[in-house]
Amino acid sequence: MVFHLHQTFNIVFCEYAKGGMIYEAMHIFDQMRQQGLSPNVVNYGALIDALCKLGRVDEAMLRCNQMINEGVTPNIIVFTSLVYGLCTVDKWEKADELFSEMLNQGIYPNATFFNTIMRNLCNEGRVMEAQSLVDLMVRLGVRPDVISYNTLIDGYCLAGRMEEAMKLLDVMVSAGLEPDVVAYNTLLHGYCRAGRIYDAFRLFRQMLSNAVTPGVATYNTILHGLFQYGRFSEAKELYLNMIKSGMQLDIYTCNIMLNGLCKNNFLDDAFEMFQSLCSMDSQLDIITFNIMIDALLKSGRKEDAMGMLTAISAHGLVPDVVTYRLVTENLIKEGLLEEFDNLFLAMEKSGCTPNSGMLNAIIRRLLDRGEIMRAGVYLSKIDEKNFSLEASTTSLLLSVFSREEYRHHAKSLPEKFHFLWVLINEHYFK
DNA sequence: ATAGGGTTAG
């Protein structure tokens, strides 16, 4: 009976943790203890993973210590979640320490563990380090699997090194692994990103001849590539063929189509498609709304954009940092600075934290309007969060502060940005 | 009942 109760709690708990509903999960934790049940490694694993995915890595580390104090030993799954969290928030030295600690405790890393680190290295453009991790795996006797190679392929694609990415298909085969649909999708995406649609189609044929069945993600990738390079009629034809073939279209297909229509000046068609999706009760996501809000604001249809904004919650969704970025940028552009300040506060109150891209965009918009003091407030936020300035933000700052009437403002910048002051002075006195 | 890969918005 007690065992059964423990199981029931675990199922509910994991459900919450997986959905990122931390407070609800913690509540279950408390309830379990009240019933005299101690959380086990699965409960802690689920909680730690959820915290790491939300970027709350410090709390995750505390939970891991708490778990150890309660006599529960972390397993490879817990270490994988923690190392994911640490890499993602750029705490690579800590991740390294964790790896040593893990080995000390006699817990052996598996392919999943290494793949997690490789994913983060590749996302940062550090594909060579990911490559050497594969070599390390081999030395440690951990066989790289299909996911290891696919991750590495993506790393090379992201670095624009398509020839090396392609070579990995053969490397996989000689390692006794079959390149799967994800391997091909990754490479197709790489070619499309590089504007090499012809090579993408060539690879697509190669994929078919190797008896790998394309999936909806394959077609979505090509569809997006065609739109991106203005090949509108081919994109439309592909879309119609996808429907005709009876393929189950997904939210990606819908969003790619909506965005493709908007960016090719078919906003009315996009709006119509959006409405028909709504009437069919399709499960839309926040990206759908962001695409529409962006397009409506850019074409001056502010009323419609605000209608979309309010429709978000009616669809059971929550505005994200991109939504807020789109609307705040528009408010600044229109000089509605008080509304902008209020929206920014409302955003923070809702638990949505601005990211580096949003703060950079805000600063640029404020500088454009000569709102130097207000821009300073957001520069301080960038400073606090240890984000960096994007190149376009830096050059705008330099050109603004180079103007006589604004030069004195540069002196009151946070210390981190004093290099701007130095650059300006070098420019003036050389 | 806890961990890893591909496609969409800025």
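First the proteins, then the strands, lettered A, B, ... as listed; each starts at 1.
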Check: Starting at CG of A:D145 and ending at C1' of B:dA3, how long is that distance when rounded to a whole Å?
Finding: 13 Å
Next item on the list: Kindly say if A:H224 contacts the phosphate of B:dT7, meaning a side-chain N or O under 4.0 Å from OP1 or OP2.
Entry: no
Margin query: Can you identify which nucleotide, out of B:dA3, B:dT8, B:dA9, has its nearest atom closest to the A:N290 side chain?
Written below: B:dA9
Next item on the list: Rounded off to whole Å, could you give me the CD1-to-P distance for the A:I117 and B:dA3 pair?
Entry: 17 Å
Check: Which one, B:dT8, B:dA3, B:dA1, comes nearest to the side chain of A:V42?
Finding: B:dA1
Next item on the list: State which of B:dG10, B:dA3, B:dT2 makes the closest approach to the side chain of A:A46.
Entry: B:dT2
Next item on the list: Taking the six-membered ring for Trp and the full ring for Phe, Tyr or His, determine whether the centres of A:F289 and A:H315 are under 6.0 Å apart.
Entry: yes
Item checked: Candidate nucleotides B:dT7, B:dA3, B:dG10, ranked by approach to the side chain of A:L326 - the nearest -> B:dG10
Margin query: Taking the minimum atom-to-atom distance to the side chain of A:V322, which one of B:dG10, B:dA1, B:dT7 wins?
Written below: B:dG10
Note to self: Please pick, from B:dG10, B:dT8, B:dA3, the nucleotide with the shortest atom-to-atom distance to any side-chain atom of A:K263.
What the structure shows: B:dG10
Next item on the list: Please state how far atom CD1 in A:I28 lies from atom P in B:dT2, giving the value in whole angstrom units.
Entry: 16 Å
Check: A:F29 ring centre to A:R63 NZ or CZ under 6.0 Å, with the angle to the axis within 45°?
Finding: yes
Next item on the list: Please determine, for the side chain of A:N220, which listed nucleotide (B:dA9, B:dT7, B:dT2) has the closest atom?
Entry: B:dT7
Note to self: Could you tell me how far apart A:L296 (CG) and B:dG10 (P) are, to the nearest whole angstrom?
What the structure shows: 14 Å
Notebook entry, point to check: Using a cut-off of 4.0 Å on non-hydrogen atoms, how would the nucleic acid contact of A:N360 be classed: base, sugar-phosphate, or nothing?
Noted result: nothing
Note to self: Can you tell me how the ring of A:F113 sits relative to the ring of A:F99, calling it parallel under 30°, perpendicular over 60° and tilted otherwise?
What the structure shows: parallel
Next item on the list: Kindly point out which of B:dT7, B:dA9, B:dT2 is positioned nearest to the side chain of A:N259?
Entry: B:dA9
Next item on the list: Report the nucleotide, chosen from B:dT7, B:dA3, B:dG10, that has the shortest atom-to-atom distance to any side-chain atom of A:R325.
Entry: B:dG10
Note to self: Can you identify which nucleotide, out of B:dT7, B:dA3, B:dA9, has its nearest atom closest to the A:H189 side chain?
What the structure shows: B:dT7
Item checked: Ring-face cation contact, A:F114 with A:R119, 6.0 Å cut, 45° max -> no
Item checked: Mutual orientation of the aromatic rings belonging to A:F266 and A:F232 [parallel < 30°, tilted 30-60°, perpendicular > 60°] -> parallel
